[in-house]
Amino acid sequence: QVQLVESGGGSVQAGGSLRLSCAASGDISSINHIGWFRQAPGKEREGVADIYTRGGATDYGEFVKGRFTISQDNAKSTVFLQMNSLKPEDTAMYYCAAGRTRWFTDPFARATFDYWGQGTQVTVSS
């Protein structure tokens, strides 16, 4: 089992920055990738960023467009999401998720994520 705890959410003005953290504990040696998803009210959950924890390969949702960066610490137990140039449309609940299998052709495939955190709220005001 793996436990995930997100932190770092909050309220910022448009153009501001936030850094989200996802702390993983438990059987983290079984994990091959950790991703960030977000869900706004009335919308479907969408993939934001994903990192292959063994090799460092990353992928981003198309809407990110260079504004966000996903990274991990050396122990590979914490994954960060640095979000810059935030827009009101980035307002959502942000979740991290971890999985044992990564599909490099579809890194956000929900079937590849085995564990989910509780989420952290990000609110961007105009």
Side-chain angles (χ1 to χ4, degrees):
Q1 289 290 321
V2 173
Q3 295 77 42
L4 303 171
V5 178
E6 303 98 332
S7 62
S11 298
V12 296
Q13 290 191 328
S17 299
L18 282 174
R19 189 191 196 206
L20 306 183
S21 298
C22 173
S25 61
D27 187 18
I28 59 175
S29 63
S30 67
I31 295 303
N32 278 295
H33 71 131
I34 295 179
W36 286 96
F37 289 79
R38 69 185 189 183
Q39 187 167 18
K43 295 188 177 181
E44 292 188 356
R45 192 169 295 191
E46 61 182 349
V48 178
D50 184 85
I51 187 166
Y52 175 52
T53 56
R54 299 190 185 281
T58 58
D59 282 277
Y60 297 91
E62 290 186 3
F63 58 86
V64 170
K65 297 185 179 184
R67 299 182 298 130
F68 300 173
T69 302
I70 189 170
S71 62
Q72 61 182 349
D73 68 349
N74 290 336
K76 299 180 176 58
S77 62
T78 303
V79 168
F80 306 97
L81 183 67
Q82 177 67 42
M83 304 188 295
N84 299 325
S85 302
L86 284 162
K87 306 174 182 180
E89 50 264 43
D90 293 318
T91 295
M93 185 70 79
Y94 283 70
Y95 300 90
C96 78
R100 295 185 290 267
T101 302
R102 189 180 198 256
W103 298 346
F104 285 81
T105 56
D106 187 4
F108 298 118
R110 297 284 288 275
T112 68
F113 290 93
D114 304 290
Y115 308 100
W116 291 82
Q118 294 299 307
T120 185
Q121 177 69 37
V122 171
T123 303
V124 185
S125 58
S126 57

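Both backbone and side-chain heavy atoms feed into the values below; hydrogens, waters and symmetry mates do not. Remember, predicted model here, so these are calculated numbers, not experimental data.
Between the SG atom in C96 and the CZ atom in F80 there is a gap of 11.5 Å [rounded to 0.5 Å]. N32 CG to I51 CD1: the interatomic distance, rounded to the nearest 0.5 Å, is 12.0 Å.
Under a hydrophobic-cluster definition in which Ile, Leu, Val, Met, Phe, Trp and Tyr are linked whenever side-chain heavy atoms come within less than 4.5 Å, directly or via other members, V79 and Y95 are assigned to different clusters. Both V48 and Y115 belong to a common hydrophobic cluster when Ile, Leu, Val, Met, Phe, Trp and Tyr are linked at side-chain heavy-atom distances under 4.5 angstrom.
Judged as a salt bridge (Lys or Arg N to Asp or Glu O under 4.0 Å), the pairs with a partner in residues 47-58 (not counting sequence neighbours) are, in order, D50-R102. Pairs of residues two or more places apart, or lying in two chains, never qualify as salt bridge (Lys or Arg N to Asp or Glu O under 4.0 Å) while including a residue from residues 22-35. Screening residues 41-76 for disulfide bond (SG atoms under 2.5 Å apart), with sequence neighbours left out, gives no hits. The list of ring pair (Phe, Tyr, Trp, His ring centres under 6.0 Å) pairs with a residue in residues 47-67, not counting sequence neighbours, reads Y52-F104. For residues 35-64, no pair satisfies disulfide bond (SG atoms under 2.5 Å apart), with sequence neighbours left out. Among pairs with a residue in residues 107-124, those fulfilling salt bridge (Lys or Arg N to Asp or Glu O under 4.0 Å) read R100-D114, at least two apart in sequence or across chains.
Taking the side chain to side chain contact (heavy atoms under 4.5 Å, CB included) definition, one finds that A111 meets it with W103, sequence neighbours left out. For Q121, the side chain to side chain contact (heavy atoms under 4.5 Å, CB included) partners at least two apart in sequence or on another chain are T91, M93, T123. Here S25 pairs with Q3 under the side chain to side chain contact (heavy atoms under 4.5 Å, CB included) rule; sequence neighbours left out. A search for side chain to side chain donor-acceptor pair (under 3.5 Å) contacts involving T112 returns H33, not counting sequence neighbours.
A49 and L81 get closest at one heavy-atom pair: CB-CD1, 3.9 Å. For V2 against A24, the heavy-atom pair with the smallest separation is CG1-CB, 4.5 Å.
No side-chain donor-acceptor contact under 3.5 Å links E6 to the backbone of T120. In this structure, the side chain of Q1 does not engage the main chain of G26 through any donor-acceptor pair within 3.5 Å.
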Distance-only donor-acceptor hits, side chain of residues 34-44, under 3.5 Å, sequence neighbours excluded:
unit_1, atom_1, unit_2, atom_2, d
R38, NE, E46, OE2, 2.7
R38, NH1, D90, OD1, 2.8
R38, NH1, Y94, OH, 3.0
R38, NH2, E46, OE2, 3.2
Q39, OE1, R45, NE, 3.2
Q39, OE1, R45, NH2, 3.3
Q39, NE2, K43, O, 3.1

Kindly list each side-chain donor-acceptor pair under 3.5 angstrom involving residues 8-23, sequence neighbours excluded, with atom names and distances?
unit_1, atom_1, unit_2, atom_2, d
S17, OG, N84, OD1, 2.9

